[in-house]
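Contents: one structure, followed by commentary.
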2 protein chains.
Amino acid sequence: MYICLMYSNELIKGTLKTIVLSLLAKKGRMYGYEITQHVKEETDGKIQLTEGALYPLLHRLEAEGLLETEKENIGKRVRKYYRLTETGNDQATSLAAEFHEFSQTMNRLLNNFSLKPSYNV
Amino acid sequence: MYICLMYSNELIKGTLKTIVLSLLAKKGRMYGYEITQHVKEETDGKIQLTEGALYPLLHRLEAEGLLETEKENIGKRVRKYYRLTETGNDQATSLAAEFHEFSQTMNRLLNNFSLKPSYNV
DNA sequence: CAAATATACATTAGATTCTTATGCATCCAA
DNA sequence: TTGGATGCATAAGAATCTAATGTATATTTG
């Protein structure tokens with residue numbers, strides 16, 4: 001996977017966990033590759049996760065008890081599906097809320113961009 | 001300076017440069033300690049910069065030519081004021097815009113929170 | 001049908017950035 | 001006079017990401 005982010009990529013740091021957990025909260029269960037593709041499509045390629053960041057994270061989250069896995073055979077290949085545990089679901093909710101709060105705080109700090117029409121989608 | 005962030009602090013990662021440059025763009029010139037206090041006050045303590053993160057960053061940005069410094073004597077103490085260079089000013093603008101774009105993209109991804117009234121300021 | 005691309009997992013070296021702690025010094029208020 | 005605020009700085013270690021590499025199967029395309 002060759003990555004060319006539109007963002008200077010610094011911003012993604014620290015939000016990866018939030019993205020993954022929120023996505024799983026929405027979708028129920030997903031496998032790694034599916035997550036990368038979904039994020040890419042939903043953000044028009046603006047956010048692209050690298051495998052080197054994603055897989056270790058998924059393993060960490062599973063070790064922490066936030067995720068559960070089940071393997072599924074697709075032909076001769078194995079897919080590893082992840083789903084949220086109850087704890088994981090709580091985390092997903094609070095991280096998403098936290099990000100939202102944070103982005104509000106940041107936008108206020110960065111000159112109240114949210115009040116400038118030209119910056120709204 | 002003892003720090004107790006309300007955020008799990010992960011989110012701040014990657015946004016520090018954006019914060020510092022944007023603040024300098026708004027204020028003209030500031031010194032390190034002033035930046036930490038200003039951010040703390042403007043965000044009601046929600047974002048608190050640590051010196052260990054801030055000072056090395058300021059030095060890096062100066063080395064990169066984004067900031068200029070001038071020292072000022074306050075009694076027997078020395079204050080180090082930072083201001084944006086032209087390049088720094090450009091960077092400030094684009095990083096702020098980038099963050100805004102990024103937060104929009106994120107909020108869309110995290111379930112379109114911006115559409116939920118309860119999440120609006 | 002061969003080659004390229006997509007799917008799907010994983011690991012790792014190195015870089016970057018942040019936390020936490022420490023250190024030095026001055027100033028001011030209790 | 002002592003503690004807290006002001007003001008700079010560095011440094012060890014942790015955490016996380018990038019970029020590269022590796023393995024293997026499936027599918028598309030020339």
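Naming convention: chains lettered A, B, ... in sequence-line order (proteins, then strands); numbering from 1 in each chain. Note that this is a predicted model, so its numbers are computed, not measured.
B:G52 comes within 4.0 angstrom of a nucleotide base, judged by non-hydrogen atoms across all strands. Across all strands, B:L16 comes closer than 4.0 Å only to sugar-phosphate atoms, never to a base (heavy-atom distances).
Here the side chains of A:I47 and A:K40 are not in contact, with every heavy-atom distance at 4.5 Å or above.
You'll find that the side chain of A:Y31 is closest to C:dC9, out of D:dA9, C:dC18, C:dC9. Of the candidate nucleotides D:dT6, C:dC27, D:dA9, D:dA9 has the atom lying nearest to any side-chain atom of B:Y55. Closest to the side chain of A:H59, out of D:dA26, D:dT6, C:dA10, is C:dA10. Each of D:dA15, C:dT26, D:dG7 was ranked by its minimum atom distance to the side chain of B:R79; first place goes to D:dG7. Relative to the side chain of B:E51, the nucleotides D:dA5, C:dA8, D:dC8 differ in distance, and D:dC8 lies closest. Closest to the side chain of B:K13, from the set D:dG7, D:dT16, C:dT11, is D:dT16.
Separating the CZ atom in B:R77 from the CG atom in B:N73 is a distance of 11.5 Å, to the nearest 0.5 Å.
Residues A:K17 and B:Y82 each lie close to DNA chain D; by heavy-atom proximity, the contact nearer the 5' end of the strand is made by B:Y82. Taking the nucleotide of DNA chain D with the nearest heavy atom to each of A:L54 and B:G32, the more 5' of the two is matched to B:G32.
When rounded to the nearest whole Å, the span between CZ of B:R77 and P of D:dA5 equals 13 Å. Atom CG of A:L11 is separated from atom P of D:dT16 by 17 Å (rounded to the nearest Å).
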TODO: Please step through side-chain contact (heavy atoms from CB on, under 4.5 Å) for the pair A:K46 and B:M106, ending with a clear verdict.
DONE: CA-CA 10 Å; A:K46 288 170 191 166; B:M106 277 292 289; over 6 Å; no
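Of the N and O atoms on the side chains of A:T36 and A:Q48, not one donor lies less than 3.5 Å from an acceptor on the other residue.
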